[in-house]
Amino acid sequence: MNDQICWVTGASAGIGRASVERFAQAGARVLAMARRQDRLQELVALFPHQVRALAVDVTDTEAL
């Protein structure tokens, strides 16, 4: 997945977090979105060159 870009919502836990980890391990660049900034920063720390985090509630259309 080198040079691919993935956008994952719900990235702070569960399937979303697992998806971010798998995509990053496979070489993709990942935009990880979730409400919990602290959990997103854990992913950035694990994969600093692949993961960028955006703390936002995707149900809040004004925030998007």
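Since this is a predicted model, take the numbers as computed values, not measurements.
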Where do [X] and [Y] come nearest, in terms of heavy atoms and distance?
X	Y	answer
Arg39	Arg17	O-NH1, 3.8 Å
Asn2	Gly27	OD1-CA, 3.5 Å
Ser12	Leu40	N-CD2, 4.4 Å

[X] [atom1] to [Y] [atom2] distance, which is reported to the nearest 0.5 Å:
X	Y	atom1	atom2	value
Leu31	Phe23	CG	CZ	12.5 Å
Arg35	Thr59	CZ	OG1	7.0 Å
Cys6	Arg22	SG	CZ	13.5 Å
Gln25	Glu21	CD	CD	6.5 Å

Does atom CG of Asp3 have more than 12 heavy-atom neighbours, drawn from other residues, nucleotides or ligands, at distances under 6.0 Å?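 Not more than 12 within 6.0 Å, no.
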
Sidechain-backbone polar pair: Arg52 side chain, Pro48 backbone, donor-acceptor under 3.5 Å: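 Yes, because the side chain of Arg52 sits within donor-acceptor range (under 3.5 Å) of the backbone of Pro48.
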
Hey, any chance Val44 and Leu46 share a hydrophobic cluster, counting ILVMFWY side chains that come within less than 4.5 Å of each other, even indirectly?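 Yes, Val44 connects to Leu46 through the hydrophobic network.
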
Are Val8 and Leu43 connected into the same hydrophobic cluster when the rule is that any two of I, L, V, M, F, W, Y join if their side-chain heavy atoms are below 4.5 Å apart?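 Yes, because Leu43 and Val8 connect within a single hydrophobic cluster, where side-chain heavy atoms sit under 4.5 Å apart.
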
Is there a side-chain contact (heavy atoms from CB on, under 4.5 Å) between Val58 and Met33 once you walk through the steps? CA-CA 8 Å; Val58 296; Met33 294 178 63; 3.9 Å; yes

Under the side-chain contact (heavy atoms from CB on, under 4.5 Å) rule, what do Val20 and Val51 come out as? Steps first, then yes or no, please. CA-CA 8 Å; Val20 171; Val51 176; 3.8 Å; yes

